[in-house]
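Structure first, then comments.
Residue numbers start at 1 and run along the sequence shown.
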Amino acid sequence: MDKVIAAFSGGVDSTFLLKVCMDVLGRENVLAFIGSSPVHPERETREAINMAGQLGAEYVVVTTSEMENTDFTSNTRERCYYCKSGLIDQIQEVAQSRGFINIVEGSNVDDESDFRPGSRAVAEKGIMSPLRAAGLTKQEIRALSRMLNLPTYSKPSFACLASRVPYGTIITTEILKRIELSEEFLKGLGTRQVRVRYHGKVARIEIDNEDLDTIIGHRAEISERLTALGFTYVTLDLRGYRTGSLNEASSGSSEV
């Protein structure tokens, strides 16, 4: 490919992809694109910037525009398509201005079995997915990342904050910030994999089983903090963390 611009979030897949791109093509031929947006926690953006710096990669941080797109904020099941399509348009603008032709992103083969409308935008706009083309699973990417001494090999999976909001509920910056601050508070208690699902006045907490005692032990302060953030009721989902839980009342699976 000679030169590539890589969509970079600082997660397991995109970090492995960026590392391999730099190893194969040379640092001077790779640019990491980091999107800054209310749909991503500020912590995640900082971690992406720090990780790109640790890898020695050249990077650019661009404020993305999905919150200005009513096709996205109306929050239909095609939400991710409109978000990814707009993001790719912005990456392409940067690519053209920097003299890059090829754009790559970090989907893997496990993503093929999930409901990911964003994948359609990737295909339509000619973006390449080398990890998926190589037939790599998430587990294999974690193993290879560990071999390459990448600290992200054990990083928990993460989906954008909009994935906490049920389809049909308008996505606003205020809602996203409320979710972000709620999850940051819970992670500050020592939890690892956590989701705060938004249901209007209700916050539904999903947590891994090993962190259940932590949540129960801090239930009073959790209730106080999330109530202060605007929720009236704070609940714990006894089924625990699982992907796609907001879709359980409708057909299909989900990317969350």
Side-chain angles (χ1 to χ4, degrees), residues 1-67 80 83-111 116 118-119 121-123 125-134 136 138 140-162 180 255:
M1 296 182 185
D2 295 327
K3 297 177 66 176
V4 300
I5 181 169
F8 185 67
S9 67
V12 179
D13 300 330
S14 67
T15 298
F16 176 71
L17 177 61
L18 181 61
K19 166 65 174 172
V20 173
C21 284
M22 294 172 62
D23 286 350
V24 173
L25 302 177
R27 175 185 179 277
E28 67 280 4
N29 294 315
V30 180
L31 177 66
F33 180 101
I34 300 173
S36 176
S37 166
V39 303
H40 302 295
E42 295 178 8
R43 172 184 48 81
E44 288 288 320
T45 302
R46 290 194 302 269
E47 289 183 3
I49 293 171
N50 290 337
M51 181 53 59
Q54 289 181 38
L55 293 176
E58 182 181 359
Y59 64 87
V60 58
V61 181
V62 176
T63 299
T64 58
S65 58
E66 64 278 335
M67 293 301 294
C80 292
C83 179
K84 183 75 73 169
S85 181
L87 177 65
I88 293 172
D89 287 344
Q90 290 185 275
I91 298 176
Q92 289 176 330
E93 290 177 7
V94 173
Q96 292 172 3
S97 68
R98 298 290 191 97
F100 287 83
I101 297 176
N102 299 302
I103 299 173
V104 297
E105 61 90 43
S107 296
N108 61 66
V109 295
D110 290 341
D111 298 326
R116 292 179 179 262
S119 297
V122 169
K125 293 179 179 290
I127 308 306
M128 287 170 279
S129 307
L131 305 183
R132 186 168 58 194
L136 292 174
K138 188 78 165 191
E140 289 170 333
I141 292 167
R142 288 188 184 278
L144 291 168
S145 296
R146 189 170 188 176
M147 291 172 60
L148 291 175
N149 296 315
L150 295 174
T152 49
Y153 80 90
S154 60
K155 186 173 183 178
S157 298
F158 184 81
C160 82
L161 296 172
E180 175 185 357
E255 76 283 13

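- Shortest non-hydrogen contact noted between Ile141 and Asn108 is CD1-CB, 3.6 Å.
- Atoms OG1 and CG, from Thr15 and Leu148 in turn, are 11.5 Å apart once rounded to the nearest 0.5 Å.
- The two residues Arg142 and Pro156 have their closest heavy-atom pair at NH2-C, 4.3 Å.
- Atoms CD and OG, from Glu105 and Ser129 in turn, are 3.5 Å apart once rounded to the nearest 0.5 Å.
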From CA spacing to verdict: side chain to side chain contact (heavy atoms under 4.5 Å, CB included), Arg132, Ser119: CA-CA 11 Å; Arg132 186 168 58 194; Ser119 297; 4.2 Å; yes

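- How far CG of Leu131 is from CZ of Phe16: 6.5 Å, rounded to the nearest 0.5 Å.
- The distance from atom OG1 of Thr152 to atom CG of Leu18, rounded to the nearest 0.5 Å, is 10.0 Å.
- Partners of Glu42 according to the side-chain hydrogen bond (donor to acceptor under 3.5 Å, both in side chains) rule, which considers only residues two or more places apart in sequence or in another chain, are Lys177.
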Using residues 2-11 as the side-chain source, report each donor-acceptor pair under 3.5 Å to any protein atom, sequence neighbours left out, with the distance given to one decimal.
residue, atom, partner, partner atom, Å
Ser9, OG, Gly11, N, 3.3
Ser9, OG, Ser14, OG, 3.2

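- Between the Ser37 side chain and the Val39 main chain, a donor and an acceptor come within less than 3.5 Å of each other.
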Which donor-acceptor pairs under 3.5 Å do the side chains of residues 94-101 make with protein atoms, sequence neighbours left out?
residue, atom, partner, partner atom, Å
Ser97, OG, Glu93, O, 3.4
Ser97, OG, Val94, O, 2.8
Arg98, NH1, Glu58, OE2, 3.1

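- Val30 and Gly26 make their closest contact through CG2-O, 3.6 Å (heavy atoms, listed as atom of the first residue, atom of the second, distance).
- Contact of the Met1 side chain with the Val104 side chain is registered, since non-hydrogen atoms from C-beta on lie closer than 4.5 Å.
- Judged as a salt bridge (charged side-chain N to carboxylate O under 4.0 Å, His left out), the pairs with a partner in residues 20-37 (not counting sequence neighbours) are, in order, Lys19-Asp23.
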Check residues 83-90 and write down every donor-acceptor pair under 3.5 Å in which the side-chain atom is one partner and the other belongs to a residue at least two apart or another chain.
residue, atom, partner, partner atom, Å
Asp89, OD1, Lys125, NZ, 2.9
Gln90, OE1, Ser65, N, 3.3
Gln90, NE2, Thr63, O, 3.2

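- Scanning both residues, Ala52 and Ile34, for their nearest heavy atoms gives CB-CD1, 4.4 Å.
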Pair Leu144, Leu136 - check side chain to side chain contact (heavy atoms under 4.5 Å, CB included), show working. CA-CA 10 Å; Leu144 291 168; Leu136 292 174; 3.9 Å; yes

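- Heavy atoms only, all atoms of each residue included: Ala57 and Met22 are closest at CB-SD, 3.5 Å.
- Side chains of Pro38 and Leu161 form no contact here, defined as non-hydrogen atoms less than 4.5 Å apart.
- A 4.5 Å side-chain heavy-atom check between Val122 and Ser107 finds every atom pair outside the cut-off.
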Under 3.5 Å, which donor-acceptor pairs do the side chains of residues 43-50 form with other protein atoms, sequence neighbours left out?
residue, atom, partner, partner atom, Å
Arg43, NE, Glu184, OE1, 3.3
Arg43, NE, Glu184, OE2, 2.6
Arg43, NH2, Glu184, OE2, 3.0
Glu47, OE1, Lys155, NZ, 3.1
Asn50, ND2, Arg46, O, 3.3

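- When all heavy atoms are compared, the tightest approach of Asp110 to Lys138 is OD2-N, 2.9 Å.
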